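These notes concern the structure reproduced below.
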Amino acid sequence: MDGPLVDRDGYPRADIDIFQVRTARHNIICLQNDHKSIMKEIEEALHNLHAREKEKRQKDEAEAKAEALQHNQSLPDAFAKVDAVTPGSPASMCGLQVGDEIIAFGSVNPNNFQTLQNIAAVVQHSEGKPLSVTVVRDGKSVHLGLTPQRWSGKGLLGCNIIPMKK
């Protein structure tokens, strides 16, 4: 590509076809220019694509934060808290954990809860039947299916529930 086409005296070299070499060099230079142009277009397209993806990700994260904040605000107040769960009990088998705040236990909810006797009555009437239990865990609502039943330990649930102060 860079070799001289003339000899020391400035005459065209006799050992090469000058026209063919110049034509080949011209074609190669044109192809290199085309390649540079296409690569520049690809680079710009990639920058635009990544900029749009970044904007979309930021928008999605902002929406998710707003939704989580709205969801956290819309959770009802818990009326009871799980104080202890015995391993191997029906409560531990359904996934109930210490620290879970109960917002619904069968038909008992924050609007009709008065004492723990409300929960005890639901448990007694639901022995062997699945109960829907909704708890707040780490700021999120978690739905569990708890079936009160006799087991090797004390009670039908195997957990200790304490009322929450209003």
Side-chain angles (χ1 to χ4, degrees), residues 27-166:
N27 289 339
I28 290 172
I29 289 170
C30 287
L31 290 172
Q32 286 175 337
N33 289 340
D34 292 346
H35 180 259
K36 286 179 187 176
S37 173
I38 290 172
M39 291 305 291
K40 185 175 181 179
E41 288 179 31
I42 291 173
E43 182 181 359
E44 289 173 2
L46 282 173
H47 282 293
N48 291 338
L49 175 72
H50 289 292
R52 282 194 306 263
E53 285 296 319
K54 184 178 179 182
E55 289 173 8
K56 184 177 182 279
R57 188 176 347 106
Q58 289 172 342
K59 180 182 173 189
D60 289 347
E61 287 174 358
E63 287 177 359
K65 285 180 183 177
E67 186 177 314
L69 184 61
Q70 179 183 7
H71 183 69
N72 285 345
Q73 291 173 348
S74 65
L75 289 175
D77 291 331
F79 56 86
K81 186 173 185 175
V82 178
D83 190 39
V85 178
T86 306
S89 67
S92 90
M93 296 300 200
C94 87
L96 208 57
Q97 297 178 3
V98 173
D100 285 349
E101 297 178 353
I102 300 172
I103 56 176
F105 195 99
S107 60
V108 180
N109 59 50
N111 298 328
N112 63 11
F113 175 79
Q114 294 170 354
T115 66
L116 290 178
Q117 290 301 318
N118 301 114
I119 294 176
V122 170
V123 169
Q124 290 299 321
H125 289 93
S126 301
E127 184 175 348
K129 300 175 199 156
L131 278 174
S132 174
V133 179
T134 306
V135 299
V136 176
R137 182 181 299 156
D138 299 325
K140 296 178 185 166
S141 177
V142 179
H143 300 282
L144 305 170
L146 173 61
T147 304
Q149 58 191 1
R150 301 206 182 278
W151 62 291
S152 60
K154 182 180 169 193
L156 298 175
L157 297 179
C159 68
N160 188 33
I161 298 173
I162 58 173
M164 303 240 336
K165 309 252 187 296
K166 289 188 179 183

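A quick note: this is a predicted structure, and the numbers were derived from the prediction, not measured. When a residue number appears, it is its place in the shown sequence, counting from 1.
Note that NZ of Lys40 and NZ of Lys36 are 11.5 Å apart. Values are rounded to the nearest 0.5 Å. Rounding to the nearest 0.5 angstrom, the gap separating the CD atom in Glu63 from the CD atom in Glu61 is 11.0 Å. Note: Leu31 CG to Ile38 CD1 = 9.5 Å, rounded to the nearest 0.5 Å. Rounding to the nearest 0.5 angstrom, the gap separating the CZ atom in Arg57 from the NE2 atom in His50 is 10.0 Å. Remark: Gln32 CD to Cys30 SG distance equals 9.5 Å, nearest 0.5 Å. The distance from atom CG of Leu156 to atom OG1 of Thr147, rounded to the nearest 0.5 Å, is 11.5 Å.
Taking all atoms of both residues into account, the shortest heavy-atom contact from Trp151 to Pro87 is CZ3-O, 4.4 Å. Closest heavy-atom contact between Leu131 and Pro148: CD1-CG, 3.7 Å.
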Sequence neighbours excluded and cut-off under 3.5 Å, please list the side-chain donor-acceptor pairs for residues 92-105, or say none.
unit_1	atom_1	unit_2	atom_2	d
Ser92	OG	Gly88	N	3.1
Ser92	OG	Ser89	N	3.4
Ser92	OG	Ser89	O	3.3
Asp100	OD1	Arg137	NE	2.9
Asp100	OD2	Gln97	N	2.9
Asp100	OD2	Arg137	NH2	2.6

Distance-only criterion, 3.5 Å: show the donor-acceptor pairs between side-chain atoms of residues 119-129 and protein atoms not counting sequence neighbours.
unit_1	atom_1	unit_2	atom_2	d
His125	ND1	Ala121	O	2.7
Ser126	OG	Val122	O	2.9
Glu127	OE2	Arg150	NE	3.4

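Inter-residue side-chain proximity for Phe79 and Val108 is flagged as met; some heavy-atom pair is nearer than 4.5 Å.
A side-chain donor-acceptor contact under 3.5 Å links Asn109 to the backbone of Asn112.
Taking the salt bridge (Lys or Arg N to Asp or Glu O under 4.0 Å) definition, one finds that Asp60 meets it with Lys56, sequence neighbours left out.
In the displayed structure, Asp77 atom CG is contacted under 6.0 Å by at most 12 heavy atoms of other residues, nucleotides or ligands. The number of heavy-atom neighbours closer than 6.0 Å to CD of Gln117, taken from other residues, nucleotides and ligands shown, is 12 or below.
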